[in-house]
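Heads up: numbering here begins at 1 and tracks the sequence.
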Amino acid sequence: MTLPMPWAAALLGAALLGGCAEKPQTAATKKSDGQAWDGAPTAYAAPGWKGGDQATWEQQLRNRSQGQNEYSRAPAKP
């Protein structure tokens, strides 16, 4: 069964223009990001970190990165 040429052209045009009907996605309010250390401590926060304190936040990041350092984790060979 073959479609007549005008119907095939109309179907192809509808398929091509189908993506042009998307509505713009806009947020209702814009929220700027805050500093990472400004968050409130949760149950998943590292022990010893106080919310809102930049110095303890940076210390926790240093401790975590040292735990991932293979040179500091591996015992020295005799």
Side-chain angles (χ1 to χ4, degrees):
M1 175 174 185
T2 61
L3 290 175
M5 187 60 94
W7 284 103
L11 191 61
L12 180 63
L16 290 175
L17 293 176
C20 296
E22 184 177 349
K23 295 179 182 176
Q25 299 176 5
T26 57
T29 59
K30 291 185 179 181
K31 181 181 130 185
S32 63
D33 290 336
Q35 299 295 335
W37 54 82
D38 284 340
T42 63
Y44 304 106
W49 175 64
K50 297 175 226 125
D53 187 9
Q54 181 180 2
T56 57
W57 176 264
E58 290 174 351
Q59 182 61 38
Q60 289 295 328
L61 288 180
R62 278 192 290 279
N63 291 343
R64 184 183 346 177
S65 64
Q66 279 301 317
Q68 296 175 353
N69 185 354
E70 293 295 325
Y71 292 111
S72 66
R73 285 179 30 183
K77 292 185 178 180

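- Residue Arg62 places its CZ atom among more than 12 non-hydrogen atoms of other residues, nucleotides or ligands, all under 6.0 Å distant.
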Stepwise, does the side chain to side chain contact (heavy atoms under 4.5 Å, CB included) test hold for Asn63 with Gln66?
CA-CA 5 Å; Asn63 291 343; Gln66 279 301 317; 5.8 Å; no
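- Taking CH2 from Trp37 and CG from Leu61, the interatomic distance works out to 10.0 Å, rounded to the nearest 0.5 Å.
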